[in-house]
Amino acid sequence: MRAKRNRKRVMLLYKVRFGIGTEPEHSSIITTFSDRGAQIKTNTVYEKGTLLHLTIEKDFWKYEAEAVVVWSKKVTPEVAPYVNHGMGVQFTSLDEGLAHLYDRKIKALGGGTETIL
């Protein structure tokens, strides 16, 4: 049985650019986010353990992060709208501004009820 997370996650739709090098070559969206990791909805997946560079965009702000892939699932385009797919990543470094944004969202939600932001 999988251990229950003790961190609150928020559902959101932030644009993310990601890849192995310092110039991320793929674009997608982040659908859930916490102070420790995120889910990227994409069919461009990397193997578990791969270190990725992320540029996360919110309004006119850009935040940088590095993360390790902890799970990935690629599906056919026909089933993509119906099946959870993409990658789960765990942050190894996170822009302080993005961590602060997460803290503000959790406090605004009264401690962490999931919501769309």
(message) To the nearest 0.5 Å, what is the distance between CD on Glu57 and CD1 on Ile30?
(response) 10.5 Å
(message) Could you report the tightest heavy-atom contact between His53 and Gly21, atom names first, then the distance?
(response) CB-O, 3.3 Å
(request) List the atom of Ala80, the atom of Val75, and the distance in Å for their closest heavy-atom pair. (result) CA-CG2, 3.7 Å
(message) Applying the side-chain contact (heavy atoms from CB on, under 4.5 Å) criterion to Pro24, which one of Thr55, Val16, Leu52 satisfies it?
(response) Thr55
(message) Let me confirm one number: the NE2-CH2 distance from His85 to Trp71, rounded to the nearest 0.5 Å.
(response) 9.0 Å
(request) Could you check Ile40 against Leu54 for side-chain contact (heavy atoms from CB on, under 4.5 Å), going step by step and ending with a plain yes or no? (result) CA-CA 10 Å; Ile40 302 171; Leu54 309 173; 4.0 Å; yes
(request) Would you confirm whether Thr42, through its side chain, and Gly86, through its main-chain N or O, come within 3.5 Å as a donor-acceptor pair? (result) no
(message) Distance check, rounded to the nearest 0.5 Å: Ser34 atom OG versus Gln39 atom CD?
(response) 11.5 Å
(message) Would you compute the distance between atom CD1 of Ile29 and atom OG of Ser27 and round it to the nearest 0.5 angstrom?
(response) 11.5 Å
(request) Decide yes or no for Val83 and Lys73: does some side-chain heavy atom of the first lie under 4.5 Å from some side-chain heavy atom of the second? (result) yes
(request) Name all residues meeting the side-chain hydrogen bond (donor to acceptor under 3.5 Å, both in side chains) criterion together with Tyr46; count only those two or more places apart in sequence or in a different chain, and write none if there are none. (result) Glu25, His26
(request) List in chain and number order the residues that pass ring-ring contact (aromatic ring centres under 6.0 Å, His included) with Phe91, two or more places apart in sequence or in another chain; answer none if no residue qualifies. (result) Phe33
(message) Any non-hydrogen side-chain atom of Leu98 less than 4.5 Å from a side-chain atom of Glu96?
(response) no
(message) Just to verify, which of Val89, Val69, Val45 counts as forming a side-chain contact (heavy atoms from CB on, under 4.5 Å) with Thr50?
(response) Val69
(message) As an exercise, state the distance from CD of Glu64 to OG of Ser93, rounded to the nearest 0.5 Å.
(response) 9.0 Å
(request) Could you work out the complete set of other residues in the hydrophobic cluster of Val68, with links drawn between I, L, V, M, F, W and Y side chains under 4.5 Å apart? (result) Leu51
(message) Under a 3.5 Å distance rule, please check whether Asp95 uses its side chain to pair with a backbone N or O of Gly97 as donor and acceptor.
(response) yes
